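See below for the structure under consideration.
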Amino acid sequence: MPSRSAVAVGVFVACAATVHASAPSLQSWLDGASNIEQWIVSKQEHLHTIPELMFDTPKTYKALEETLSELGISHRRPNSGIGLIAEVGSGAPVVVLRSDIDALPIKEIGSAKIKSGHEGVAHMCGHDGHMAMLLGGARLLHEHRDSLQGTVRIVFQPAEEGGAGGDKMVQEGVLDGASAAFGFHVMPHIPTGYIGSRAGTIMAGASILKITVTGRAGHAAQPHLSRDPVVAASAVVLALQSLVSRETDPLWSSVISITQMDAGSAFNVIPDTVVLQGTVRALDDAWMSTLHRRVQEVAEHQAISYGCQAKVDWREDLSPYYPPTVNDRATHEFAAGVASRLLGRDKVDAETPTLMAGEDFSFFTRAIPSAFMFVGIRNEQLGSVHGLHNANFLLDQAALKTGAALHAALASEWLQHLSNNSSIRGGSDEL
């Protein structure tokens, strides 16, 4: 049986009744993005002022819908109300371009000239840039809609930052009939104008962890009359690190980070409980399952050894498990080839290192052949050097036109490629 990527790239679309204009050259996508650069930047700046969290993004939807309507691009909200979908072109095949839209509960303190208008909430992961890039790509594609050899489905997805909005949109059918999906994330460790991606696992799977250690309260001067959950919880934190250093293959990767410890309210009282919170990361589902089992065993037995009890909660109510983001090899090679011809081979790292961060585009990559790419925004002169989820995060706006042009080029080239019934040749100049 052929692989799903082989099936996707082998599709032949008979369009005898449809006459398409000649497809734009790759250079024309770059030129077009440069011509509308200030428009793209203005969209990013407006979206930056209205950051919203998780699924509660009414102002963001309004801004996106108004822009799409002004451009004359048809759009709709799914029945669930989760996300926004637009389409350019018509007929089969269908290719998906996706952007996340939610922000983070972080107070912005960076040097951006445009600041968040919502206190304590900010786009410190660059999703405002993702939306602006996709709006720019949508505008370019719409301007050349008569040349498209099928349909470009444009997806704006909420709740990437913990709510698994991607999973919910996939379950509702956003990928139905689609042959491939492409998504981007800005990255401050990659220079502006450069692109990174890789075949296979590009980002890790992620789980949220909460451990409640329960003991018996008492006076701090009489610890022998209590069961101290602070000492027990400290032992749990240390013991969990052995799961990475002594149980994970040294040639593999996993992360267990305990980032919060909530214990007591007085200096002279041993509390009843300590709450630990953090995250677990792994590069495949099987090892993540093993880590889940071992975290529970280690936490429970460490607590018992100090006369306490431990309860492990994976917080599925807050955020479902995000599986690893795995790029389909053939689709990745196609995307890297297009990016190389668009920007220059020296600007594309097709073997960028895997990141242990999580990403819910992973639900797209599980459903259909997909490629996720990193768009560089590092500019030391500008100060765009701080990491994602950092209150000082700053997006280099010069990267926006690159992302817009790449969105348009990937979608157009993919549809043309399928309509020609050719095989993927990655970076070859003939593609």
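Bear in mind that the values here come from a model prediction, so they are computed numbers and not experimental data.
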Is there a side-chain contact between Ile73 and His142 (heavy atoms, below 4.5 Å)?
-> yes
Report yes or no: does Thr151 contribute a side-chain atom to a donor-acceptor pair with the main-chain N or O of Gly91 at less than 3.5 Å?
-> yes
Determine, step by step, whether Val152 and Leu415 satisfy the side-chain contact (heavy atoms from CB on, under 4.5 Å) criterion, reporting the C-alpha distance in whole Å, the side-chain angles of both residues, the deciding distance to 0.1 Å, and the verdict.
-> CA-CA 8 Å; Val152 182; Leu415 295 177; 3.8 Å; yes
Taking all heavy atoms of Tyr61 and all of Arg77, pick out the closest pair and write down the distance.
-> CE1-NH2, 3.1 Å
Going from CZ on Arg76 to CD on Glu65, what distance comes out if it is rounded to the nearest 0.5 angstrom?
-> 12.5 Å
Tell me, yes or no, whether the heavy-atom count around His389 atom NE2, taken from other residues, nucleotides or ligands under 6.0 Å, exceeds 12.
-> yes
Keeping the roles fixed (side chain from Tyr322, backbone from Glu160), state whether a donor-acceptor pair exists under 3.5 Å.
-> yes
Atom of Gly166, atom of Asp360 and distance for their closest heavy-atom approach | N-OD2, 2.7 Å
What is the distance from atom CH2 of Trp39 to atom NZ of Lys401, rounded to the nearest 0.5 Å?
-> 15.5 Å
Tell me, do Arg139 and Ile36 make a side-chain contact under 4.5 Å, heavy atoms counted?
-> yes
Is a side-chain N or O of Gln309 found less than 3.5 angstrom from the main chain of Ala303, in a donor-acceptor match?
-> no
Heavy-atom closest pair, residues Phe364 and Ser370 | O-OG, 3.4 Å
Examine distances only and state if a side-chain atom of Arg198 and a backbone atom of Thr352 form a donor-acceptor pair shorter than 3.5 Å.
-> yes
Do Asp284 and Thr201 have side chains that get closer than 4.5 Å, going by heavy atoms?
-> no
Sub-4.5 Å side-chain heavy-atom contact between Asn392 and Ile109 | yes
Gln149 side chain vs Ser412 backbone, donor-acceptor pair below 3.5 Å | no
For the atom pair CZ (Phe156) and CD1 (Ile101), what is the distance rounded to the nearest 0.5 Å?
-> 8.5 Å
Is there a donor in the side chain of Glu87 and an acceptor in the side chain of Ser74, or the other way round, less than 3.5 Å apart?
-> no
Thr60 vs Glu52, side-chain hydrogen bond (donor to acceptor under 3.5 Å, both in side chains): CA-CA, chis, key distance, verdict = CA-CA 7 Å; Thr60 303; Glu52 297 171 300; 2.7 Å; yes
Going through the distances and angles, do Lys311 and Asp313 end up as a salt bridge (Lys or Arg N to Asp or Glu O under 4.0 Å)?
-> CA-CA 7 Å; Lys311 179 182 178 181; Asp313 180 359; over 6 Å; no
OG of Ser257 to CD of Gln277, rounded to nearest 0.5 Å, is 13.5 Å
Which pair of heavy atoms, one from Ala371 and one from Ala335, lies closest together, and at what distance?
-> CB-CB, 4.1 Å
Between the side chain of Arg345 and the main-chain N/O of Ala339, is any donor-acceptor distance below 3.5 Å?
-> no
Are the side chains of Leu418 and Val95 in touch, meaning some heavy atoms are under 4.5 Å apart?
-> no
Of the non-hydrogen atoms in Val236 and Gln302, which two are nearest, and what is the gap between them?
-> CG2-CB, 3.8 Å
What pair of heavy atoms forms the shortest contact from Ser179 to Trp414, and how long is it?
-> OG-NE1, 2.8 Å
Show the numbers, then the answer: is there a side-chain hydrogen bond (donor to acceptor under 3.5 Å, both in side chains) between Arg145 and Ser147?
-> CA-CA 5 Å; Arg145 57 192 178 277; Ser147 71; over 6 Å; no
Does the pair Phe182 and Phe361 meet the rule for a side-chain contact (heavy atoms from CB on, under 4.5 Å), with working shown?
-> CA-CA 9 Å; Phe182 298 97; Phe361 189 74; 5.6 Å; no
Which distance, rounded to the nearest 0.5 Å, do you find between the NE2 of His123 and the CG of Leu47?
-> 6.5 Å
Taking the side chain from His130 and the backbone from Val186, do they hold a donor-acceptor pair closer than 3.5 Å?
-> yes
Over 12 non-hydrogen atoms of neighbours within 6.0 angstrom of CD in Gln27 = yes
Begin with the C-alpha distance, continue with both residues' side-chain angles, and end with the deciding distance and a verdict on side-chain hydrogen bond (donor to acceptor under 3.5 Å, both in side chains) for Asp100 and Gln157.
-> CA-CA 5 Å; Asp100 39 19; Gln157 175 226 301; over 6 Å; no
Is a side-chain N or O of Ser384 found less than 3.5 angstrom from the main chain of Leu394, in a donor-acceptor match?
-> yes
Below 6.0 angstrom between ring centroids: does that apply to Trp314 and Tyr321?
-> no
Is it true that a side-chain atom of Ser362 and a backbone atom of Glu359 form a donor plus acceptor pair closer than 3.5 Å?
-> yes
Starting from the C-alpha separation in whole Å, work towards a yes-or-no answer on side-chain contact (heavy atoms from CB on, under 4.5 Å) for His185 and Met203.
-> CA-CA 11 Å; His185 205 298; Met203 298 184 77; 5.7 Å; no
Are His407 and Trp29 close enough that their ring centres sit under 6.0 Å apart?
-> no
Can you find a pair of side-chain heavy atoms, one from Met288 and one from Ser207, that are under 4.5 Å apart?
-> yes
Separation between NZ (Lys62) and NZ (Lys59), nearest 0.5 Å, reads 10.0 Å
Does a side chain donor of either Ser116 or Glu108 reach within less than 3.5 Å of an acceptor in the other side chain?
-> no
Verify salt bridge (Lys or Arg N to Asp or Glu O under 4.0 Å) between Lys113 and Glu45, making sure each step is shown before the conclusion.
-> CA-CA 9 Å; Lys113 62 181 180 180; Glu45 290 182 342; 3.6 Å; yes
4.5 Å side-chain heavy-atom contact, Val155 and Ser99 | no
Residues Asn327, Ser197; criterion side-chain hydrogen bond (donor to acceptor under 3.5 Å, both in side chains); working and verdict = CA-CA 9 Å; Asn327 283 341; Ser197 192; 3.3 Å; yes
Partners passing side chain to side chain donor-acceptor pair (under 3.5 Å) against Asp396 (at least two apart in sequence or in another chain) | Thr192, Asn379
Main-chain N/O of Gln416 paired to Asn420 side chain as donor or acceptor, under 3.5 Å = yes
Indicate yes or no: at least one non-hydrogen side-chain atom of Arg98 is less than 4.5 angstrom from one of Ile154.
-> no
Taking atom NZ of Lys115 as the centre, does the number of heavy atoms from other residues, nucleotides or ligands within less than 6.0 Å exceed 12?
-> yes
Decide whether Thr248 and Ser254 meet the rule of one side-chain donor and one side-chain acceptor closer than 3.5 Å.
-> yes
Which is it for Leu240 and Val295 under the side-chain contact (heavy atoms from CB on, under 4.5 Å) test, yes or no, and what are the steps along the way?
-> CA-CA 7 Å; Leu240 288 177; Val295 164; 4.1 Å; yes
